[in-house]
Amino acid sequence: MSDTIFSKIINRELPADIVYEDDQLLAFRDINPQAPVHVLVIPKAEIATVNDIEAGQAELIGKMVLAAQKIAADEGIADDGYRLVFNCNQHGCQVVFHLHMHLLGGKQLRGLAG
Ligand code: 5GP
């Protein structure tokens with residue numbers, strides 16, 4: 001897999017507003033936020049798309065959701081609610097080919113139709 005912007009953020013070659021980190025995951029604010037809270041949760045492992053997730057990585061993906069749960073609580077949006085989104089490939093409008101989960105909240109979100 002080629003180096004992406006997110007690999008550079010993991011390696012601290014590019015700056016980011018990091019809100020969560022552990023040995024397997026990193027989470028940082030989206031540079032072009034679509035909601036008052038817009039955080040990207042990524043695995044440090046290089047996984048290009050949802051299509052590339054392997055069965056043995058199921059726990060890692062679960063940890064991404066738990067990290068999002070914690071970040072939402074830290075950001076004060078857990079009770080009002082939020083949205084978790086994975087975009088995959090062209091029809092999903094994926095532009096960065098390092099797996100990431102969007103955490104969006106802090107306002108009333110609208111429908112998913114795009
Ligand atoms: P995708 O459409 O691939 O699901 O979303 C990629 C997201 O990455 C977009 O929301 C975009 O704003 C965000 N993004 C792209 N480049 C950077 C960057 O250099 N830093 C940060 N923090 N976010 C980025």
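Here, residue 1 is the first one in the sequence, and each next residue gets the next number. Ligands are counted one by one from 1 in listed order, and the atoms in each one are counted from 1 as well.
- Those atoms of ligand 1 with a heavy atom of N87 less than 4.0 angstrom away are 1 (P), 2 (O), 4 (O).
- Between R29 and ligand 1, at least one pair of N/O atoms sits closer than 3.5 Å.
- When each of I31, L103, L104 is checked for a side-chain contact (heavy atoms from CB on, under 4.5 Å) with H38, only L104 meets the rule.
- Residue K8 places no heavy atom under 4.0 Å from ligand 1.
- Looking at ligand 1, you'll find an N or O of V96 within less than 3.5 Å of one of its N or O atoms.
- Residue contacts with ligand 1 for F97 are absent, since no atom lies close enough (heavy atoms, distance under 4.0 Å).
- Heavy-atom proximity to I9, at under 4.0 Å, picks out these atoms of ligand 1: 20 (N).
- Below 30°, between 30° and 60°, or above 60°: for F6 and H98 the angle between ring planes is above 60°, a perpendicular geometry.
- With hydrogens left out, the protein atom closest to atom 1 (P) of ligand 1 is H100 NE2, 3.1 Å, a heavy atom.
- Neither the backbone nor the side chain of L14 has any atom closer than 4.0 Å to an atom of ligand 1 (non-hydrogen atoms only).
- For the pair F86 and ligand 1, no heavy-atom separation below 4.0 Å is found.
- Looking at C93 next to ligand 1, an N or O pair under 3.5 Å apart turns up.
- Of the heavy atoms in V95, both backbone and side-chain atoms come closer than 4.0 Å to ligand 1.
- Contact annotation: V85 has no heavy atom less than 4.0 Å from any atom of ligand 1.
- Distances below 4.0 Å separate heavy atoms of Q94 from the following atoms of ligand 1: 2 (O), 3 (O).
- Listed by number with element, the atoms of ligand 1 under 4.0 angstrom from any heavy atom of F6 are 8 (O).
- Of the possible polar contacts, one joining the Q57 side chain to the E54 backbone as a donor-acceptor pair under 3.5 Å is found.
- Of the possible donor and acceptor atoms, none in the side chain of N11 sits under 3.5 Å from a partner among the backbone N and O of K8.
- A donor-acceptor contact shorter than 3.5 Å is absent between the side chain of R83 and the backbone of H102.
- Counting heavy atoms from C-beta outward, I71 and V37 have side chains that stay 4.5 Å or more apart.
- Atom CD of E59 has 12 or fewer neighbouring heavy atoms from other residues, nucleotides or ligands inside a 6.0 Å radius.
- The local environment of NZ in K70 is sparse, with at most 12 non-hydrogen atoms from other residues, nucleotides or ligands closer than 6.0 Å.
- Scanning all heavy atoms of the two residues, the minimum distance from M101 to A68 falls at CE-CB, 3.6 Å.
- Near N32, the atoms of ligand 1 lying under 4.0 angstrom from a non-hydrogen atom of the residue are 12 (O).
- S7 and E46 get closest at one heavy-atom pair: OG-OE2, 3.3 Å.
- In this structure, D79 places its CG atom where only 12 or fewer heavy-atom neighbours from other residues, nucleotides or ligands lie under 6.0 Å away.
- For H102, the heavy-atom gap to ligand 1 drops under 4.0 angstrom.
- Checked against a 3.5 angstrom limit, the closest N/O atoms of I31 and ligand 1 fall inside it.
- When the options D30, I5, D17 are ranked by their closest heavy atom to atom 9 (C) of ligand 1, first place goes to D30.
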